[in-house]
Asks: 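Could you have a look at this structure, given as structure tokens, before my questions?
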Amino acid sequence: MTDRPTGAAPSGAAPVASEDADLAIRTDGLTKRFRSGQVAVAGIDLRVPRGAVYGFIGPNGSGKTTTIRMLLGLVRPTSGRAHLLGGAMPEAGAGVLPRVGALVEGPAFHPYLTGRANLGRLDASDATADPRTARQRADEALERVGLAAAAAKPYRQYSLGMKQRLGLAAALLRPRELLVLDEPTNGLDPQGTREVRNLVRELADHGTTVLVSSHLLAEIEQVCSHVGIMSGGHLLLQGDRAELTGRGLPRLSLQTSADHVGAAAEVLTGLGLTDVQTAGHTVSALLGAVPPEKVSAALVHAGVDLLGLEVRRPNLEQIFVELTGEGFDVAR
Amino acid sequence: MSLVEVAPRRGSLLRLVRSELRLVLGRRRNIVLLVGLSLVPLLLGTVLFLTQDTALDGQGPGFVGRVTGNGLFLVIASLFLCLPFLLPLTIGIASGDAIAGEASAGTLRYLLTVPVARGRLLAVKAVGALAFAASAVTAIAIVGVVAGAAFFGLRGITLLSGTTVPLGDGILRVAAVVVYVGLSMTGLVAVGLFFSTLTEVPVGAMAATVVTAIVCGVLDQLPQLATIAPALLTHHWLDFAEFLRLEPDWGVLGQGLALQAAWVAIFGALAWSRFTTADVSS
């Protein structure tokens, strides 16, 4: 990250504090209260380390998009501060935003222009882009998202998935230090979703920081190195993904035959497992510090038919439910 | 990671202006509007040509009666007929759409995150809308001259005082009329831009702009409002006729241009203060 340009940042670019040098995004008490009185974002402190793939997750209406709009200088915070690549937004936008590729609340282009002409329009409006390489960069970006064949088609003829891809191509028109992708998998089929995940992975491997928001946890959970969970305008939790999921308590569950359910539950209780629950042929309990192999041995020793056994750490969705007491698909 | 250049390049403003002009003047709806305006002199010329040997020859409001005698007057008569409604309508559509159209399509948020500074974007949008207004007036003028020459021939102009000036002088005077009418539209463009920053619904901004012009025109007719009439947007629009006097009253023409400058200053400032601070949530 030593080649980060610093020279030409126009006035308003705050000096980069040393503690912030390794943060691509930092917000402090970032708050947005709309004129209606509704608080969309309630004082959040985002910390997105450079090089991270930060999964910004939460149900629809939890404040993700408003946060992203404030990060990009589209919406003014009611209070609090947002720093993007070390610059205070929105004042430092002119120096910061050329280094940021963004997809905000779905793609939007001129319907009667072709995909390539739409990219040309965006490139022409970028005061810092080199017009001599515009065509080449547009074609490369289209190639990268698999749209090369449809480059000369008017945007209005694109399918939802193609529109989404063109949005990604626009974000990739120039090399970026940070990509902010708001719901990039919306409207994509499973194959398209996989391609987006691979693209994010590939960009991250080259050192690009990626903030990717989604209301579908499972879709992005696997590519994220870091996670922030939003609900009702609050940032409930953020940090290293492995740490967060590791913090959850592992639960063991086993399948047995109908007449052995009681015996299995007794064995688990006897071993010191807590929260023993039975449901049909399944018995489950919090594993605690007991090694799973000890449990299976004890079960076999007690003559319990062991038809299946697994140990699961909670995934993010379960952590979310634990934190909020609500399902993830709640839209408020 | 590759270096991302963040220094603005020379000529970047010109590049954006070119892109905006291509967008505005290449858009099919706007081309249809321009073609529609060009039809006015063509139709008017045709009608007058077909009826010129009848008892109706030489009749009609404004300058229409003079067209059959001199094709140059087809330009003036067409502008006269378009000024109350057709010109404000087409210019209201183009300028009301400037920001609101991008907002409603969602492209505004992507322009701003490119980033384009908001003041710069507003200026470029103003250039686009002004270019469209200029094209509208020019389209009427060019088609008017060509059709006028074809139907009736061009000759020296007989002025309002009865004096006839040579053709060259006449063409200059008609050109001055066209320029004056074009400049008279600048206030309306500023009004349209301002309304355009208020809404994400382009039709609303267009309607408000056109209504502003029409209401000004109506109020201008009321003798009871004579005290405020000189401040109305449309008050000096028809003063282009000064160029058809032997000695144009430059004072009146100056007032007309100053009035437009005032409307541009006021509504330009309003548009700027609104657009540079508004939350973009479309």
Side-chain angles (χ1 to χ4, degrees), chain A residues 1 3-10 32 34-35 65-66 69-70 72-76 90 93-113 117-118 120-131 134 167 170-171 173-177 180 206-208, chain B residues 1-32 97 101-125 127-128 200 202 275-282:
Chain A
M1 220 59 70
D3 57 355
R4 189 158 42 90
T6 51
K32 182 64 187 184
F34 286 120
R35 235 179 289 169
T65 297
T66 304
R69 283 181 182 275
M70 286 192 280
L72 297 172
L74 292 170
V75 166
R76 270 170 202 278
V96 165
L97 289 178
R99 293 141 63 194
V100 180
L103 184 66
V104 191
E105 225 177 41
F109 294 94
H110 293 287
Y112 44 90
L113 294 184
N118 266 303
R121 161 87 175 153
L122 285 175
D123 199 74
S125 56
D126 186 347
T128 65
D130 185 354
L173 260 182
R174 304 180 63 188
R176 310 287 192 184
E177 286 173 46
V180 177
H206 287 82
T208 308
Chain B
M1 185 181 306
S2 55
L3 185 109
V4 184
E5 185 59 56
V6 295
R9 287 169 182 275
R10 256 193 300 164
S12 64
L13 181 61
L14 209 63
R15 191 173 171 223
L16 179 53
V17 168
R18 267 206 309 271
S19 159
E20 180 67 20
L21 291 181
R22 261 204 304 275
L23 196 73
V24 170
L25 300 176
R27 184 162 180 186
R28 198 178 306 166
R29 183 196 67 199
N30 290 351
I31 293 173
V32 168
D97 191 49
E102 299 266 10
S104 105
T107 44
L108 181 59
R109 62 175 183 266
Y110 286 108
L111 283 175
L112 294 181
T113 52
V114 155
V116 187
R118 295 188 184 203
R120 173 185 272 230
L121 183 58
L122 188 66
V124 169
K125 284 290 172 187
V127 170
E200 293 160 19
F275 186 57
T276 51
T277 55
D279 280 350
V280 175
S281 51
S282 59

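We use all heavy atoms of the structure for the numbers below, so side chains are in, but hydrogens, waters and symmetry mates are not. None of these values were measured; they are calculated from a predicted model.
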Asks: Please classify the contact of B/R120 with chain A as side chain, backbone, both or neither, using a heavy-atom distance under 4.5 Å.
Replies: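 Interface part for B/R120: side chain.
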Asks: Which one of B/V114, B/L121, B/L16, B/L112 has the most heavy-atom pairs closer than 4.5 Å to chain A?
Replies: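 Looking at each option in turn, the highest pair count goes to B/V114.
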Asks: For A/G93 and B/P115, work out which heavy atoms get closest and say how close.
Replies: O-CG, 3.7 Å
Asks: Which atoms form the tightest heavy-atom contact between A/G73 and B/R118, and what is the distance?
Replies: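 Closest approach of A/G73 to B/R118: O-NH2, 3.4 Å.
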Asks: Taking all non-hydrogen atoms of both residues into account, name the closest pair between B/Y110 and A/L103 and its distance.
Replies: OH-CD1, 3.5 Å
Asks: Between B/R9 and A/A127, is there a donor-acceptor pair closer than 3.5 Å when you use the side chain of the first and the backbone of the second?
Replies: no
Asks: Using a 4.5 angstrom heavy-atom cutoff, name the option from A/A117, A/G167, A/P107, A/A171 with the most pairs to chain B.
Replies: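 Maximum pair count with chain B is reached by A/P107.
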Asks: Using non-hydrogen atoms and a 4.5 Å limit, figure out which bit of A/N118 sits close to chain B: side chain, backbone, both or neither.
Replies: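 Contact with chain B is absent: no heavy atom of A/N118 under 4.5 Å.
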Asks: Please find the pair of heavy atoms, one from B/L111 and one from A/S125, that lie closest to each other, and give the distance.
Replies: CD2-OG, 3.5 Å
Asks: Compare all side-chain heavy atoms of A/L113 with those of B/L23 and state whether any distance is below 4.5 angstrom.
Replies: yes
Asks: Using non-hydrogen atoms and a 4.5 Å limit, figure out which bit of A/R121 sits close to chain B: side chain, backbone, both or neither.
Replies: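 For A/R121, the contact with chain B is made by backbone and side chain together.
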Asks: Taking only Lys NZ, Arg NE, NH1 and NH2, and the carboxylate oxygens of Asp or Glu, determine whether B/R15 and A/D126 approach each other closer than 4.0 Å.
Replies: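 Answer for the salt bridge query: no.
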Asks: Quick check for you: among B/A105, B/S281, B/A117, which has the greatest number of heavy-atom pairs under 4.5 Å with chain A?
Replies: B/S281
Asks: Who pairs with A/P111 by side-chain contact (heavy atoms from CB on, under 4.5 Å), at least two apart in sequence or on another chain?
Replies: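 So A/P111 forms a side-chain contact (heavy atoms from CB on, under 4.5 Å) with A/R156.
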Asks: Side-chain contact test, heavy atoms from C-beta onward, threshold under 4.5 Å: evaluate it for A/L74 versus B/T113 and give yes or no.
Replies: yes
Asks: Can you tell which part of B/E20 gets under 4.5 Å to a heavy atom of chain A, answering side chain, backbone, both or neither?
Replies: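 For B/E20, heavy atoms of backbone and side chain both lie under 4.5 Å from chain A.
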Asks: Check each atom of A/L173 against the heavy atoms of chain B and say whether the ones under 4.5 Å are side chain, backbone, both or neither.
Replies: neither
Asks: Pick out which of A/R76, A/R69, A/K32, A/R35 makes a salt bridge (charged side-chain N to carboxylate O under 4.0 Å, His left out) with B/D279.
Replies: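 Looking at A/R76, A/R69, A/K32, A/R35, the match for B/D279 under the salt bridge (charged side-chain N to carboxylate O under 4.0 Å, His left out) is A/K32.
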Asks: Of all heavy-atom pairs between B/R109 and A/A108, which one has the smallest distance, and what is that distance?
Replies: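 Taking B/R109 first and A/A108 second, the nearest heavy atoms are NH2-CB, 3.9 Å.
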